[in-house]
Amino acid sequence: MRYILRRREIVADDWSHLGEKCAEDGALIVPLAELRVEAARWRAWRGPLGVRIAPADAPEDLIAELPRLGLVAVEFPNPGDGRGYSQGRLLRTRLGFRGELRAVGAGVKRDQVFLLARCGFDAIELAPGEDLEAARRALGRYSVAYQPGAGGVALARQRFPAS
């Protein structure tokens with residue numbers, strides 16, 4: 001059983017990745033390349049469907065599929081690759097994705113959870129060996145952010161309320 005951090009709580013993951021054991025109508029995450037190759041198969045999938053995008057994938061390529069998707073998993077292959085932050089922000093703001101936005105991959109570390117939440121990620125699948133409880137605590141590490149983000153209010157508005 002895999003556990004993830006979802007909306008600031010540690011929960012059992014109810015989604016399976018392609019290749020893992022999954023019920024015929026279970027929640028399944030497929031890579032974007034697989035979604036493109038077998039589009040008819042995945043449109044006919046009876047359960048919740050999610051897609052996993054790689055750093056080089058353009059979020060705009062999902063526009064036609066977004067209404068069908070319950071989850072978009074954004075891959076972070078290593079801690080130094082920040083393209084996933086931009087992908088997450090684009091999905092939330094420009095493309096209006098309201099489903100679960102999940103950070104996945106070997107590069108998802110507890111030091112990143114606060115920034116991931118600021119970019120609109122509401123679920124985090126940490127890299128193997130990372131401490132989920134420490135990551136949950138890291139979400140509350142900062143109480144003020146200097147730039148507006150998906151999860152906060154700009155500093156100026158926090159310090160200087162409107163009269």
Side-chain angles (χ1 to χ4, degrees), residues 1-132 135-136 138-139 148-151:
M1 173 69 52
R2 177 178 43 238
Y3 288 88
I4 62 169
L5 191 57
R6 181 183 288 140
R7 294 181 195 92
R8 301 182 179 266
E9 292 184 23
I10 298 171
V11 299
D13 189 7
D14 48 355
W15 287 82
S16 299
H17 292 272
L18 186 63
E20 297 176 343
K21 185 178 178 183
C22 180
E24 204 171 290
D25 60 349
L28 184 64
I29 303 169
V30 298
L32 179 58
E34 174 70 19
L35 185 70
R36 288 177 177 157
V37 170
E38 295 197 48
R41 174 185 178 193
W42 299 117
R43 282 193 194 102
W45 185 256
R46 291 184 291 182
L49 186 65
V51 67
R52 180 177 180 140
I53 61 174
D57 293 331
E60 295 82 5
D61 292 347
L62 293 173
I63 290 174
E65 300 294 333
L66 282 179
R68 164 79 172 103
L69 298 174
L71 176 147
V72 175
V74 178
E75 187 175 341
F76 288 81
N78 61 62
D81 192 333
R83 292 176 285 180
Y85 292 102
S86 299
Q87 290 170 319
R89 192 84 171 123
L90 286 169
L91 283 161
R92 285 288 189 223
T93 57
R94 288 193 191 155
L95 303 179
F97 181 64
R98 297 290 171 238
E100 182 175 306
L101 185 58
R102 181 184 294 194
V104 299
V108 182
K109 308 290 186 179
R110 77 171 180 217
D111 334 1
Q112 298 171 295
V113 297
F114 179 79
L115 298 173
L116 289 166
R118 299 275 302 142
C119 289
F121 289 87
D122 55 354
I124 298 164
E125 187 177 316
L126 290 169
E130 287 291 307
D131 183 348
L132 269 170
R136 188 188 65 73
L139 281 169

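Values below: all heavy atoms of this structure, side chains included; hydrogens, waters and symmetry mates excluded.
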Work out which heavy atom in [X] is nearest to a heavy atom in [Y]; give both atom names and the distance.
| X | Y | result |
| --- | --- | --- |
| Pro31 | Leu18 | CD-CD2, 3.9 Å |
| Ile4 | Ile124 | CB-O, 3.5 Å |
| Ile29 | Ala73 | CG2-CB, 4.3 Å |
| Ser16 | Lys21 | OG-O, 3.2 Å |
| Arg92 | Phe97 | NH1-O, 2.8 Å |
| Ala103 | Val108 | C-CG2, 3.9 Å |

Please determine whether salt bridge (charged side-chain N to carboxylate O under 4.0 Å, His left out) holds for the pair Lys109 and Asp111, giving the CA-CA distance in whole Å, both sets of side-chain angles, and the decisive distance to 0.1 Å. CA-CA 6 Å; Lys109 308 290 186 179; Asp111 334 1; over 6 Å; no
Look up atom [atom1] in [X] and atom [atom2] in [Y], then write down how far apart they are to the nearest 0.5 Å.
| X | Y | atom1 | atom2 | result |
| --- | --- | --- | --- | --- |
| Leu132 | Ile10 | CG | CD1 | 5.0 Å |
| Leu62 | Arg68 | CG | CZ | 13.5 Å |
| Leu95 | Arg89 | CG | CZ | 12.5 Å |
| Asp25 | Arg46 | CG | CZ | 6.0 Å |
| Leu90 | Arg83 | CG | CZ | 13.5 Å |

Salt bridge between [X] and [Y], side-chain N to carboxylate O under 4.0 Å?
| X | Y | result |
| --- | --- | --- |
| Asp131 | Arg136 | no |
| Glu65 | Arg43 | yes |
| Glu9 | Arg7 | no |
| Arg36 | Asp61 | yes |

Would Glu34 and Arg52 count as a salt bridge (charged side-chain N to carboxylate O under 4.0 Å, His left out) here? Give the steps. CA-CA 10 Å; Glu34 174 70 19; Arg52 180 177 180 140; over 6 Å; no
Taking only residues two or more places apart in sequence or in another chain, which ones pass side chain to side chain contact (heavy atoms under 4.5 Å, CB included) with Ala135?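 Expected list: Leu5, Arg110, Val113, Leu126.
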For Ala54, which residues count as a side chain to side chain contact (heavy atoms under 4.5 Å, CB included) partner, sequence neighbours excluded?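 With sequence neighbours excluded, Ala54 shows a side chain to side chain contact (heavy atoms under 4.5 Å, CB included) to Asp57, Glu75, given in chain and number order.
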Should [X] and [Y] count as side-chain neighbours, where that means a heavy-atom distance under 4.5 Å?
| X | Y | value |
| --- | --- | --- |
| Leu35 | Leu49 | yes |
| Trp45 | Leu28 | yes |
| Trp15 | Pro48 | yes |
| Arg6 | Asp122 | no |
| Leu116 | Leu101 | no |
| Arg2 | Glu125 | yes |

Quick one: which of Val37, Val30, Val51 gives a side chain to side chain contact (heavy atoms under 4.5 Å, CB included) with Trp42?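 Exactly one pass, corresponding to Val30.
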With sequence neighbours left out, which residue pairs that include part of residues 59-93 fulfil the ring pair (Phe, Tyr, Trp, His ring centres under 6.0 Å) condition?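 Checked against ring pair (Phe, Tyr, Trp, His ring centres under 6.0 Å) - neighbours excluded - the pairs reaching residues 59-93 are Phe76-Tyr85, Phe76-Phe121.
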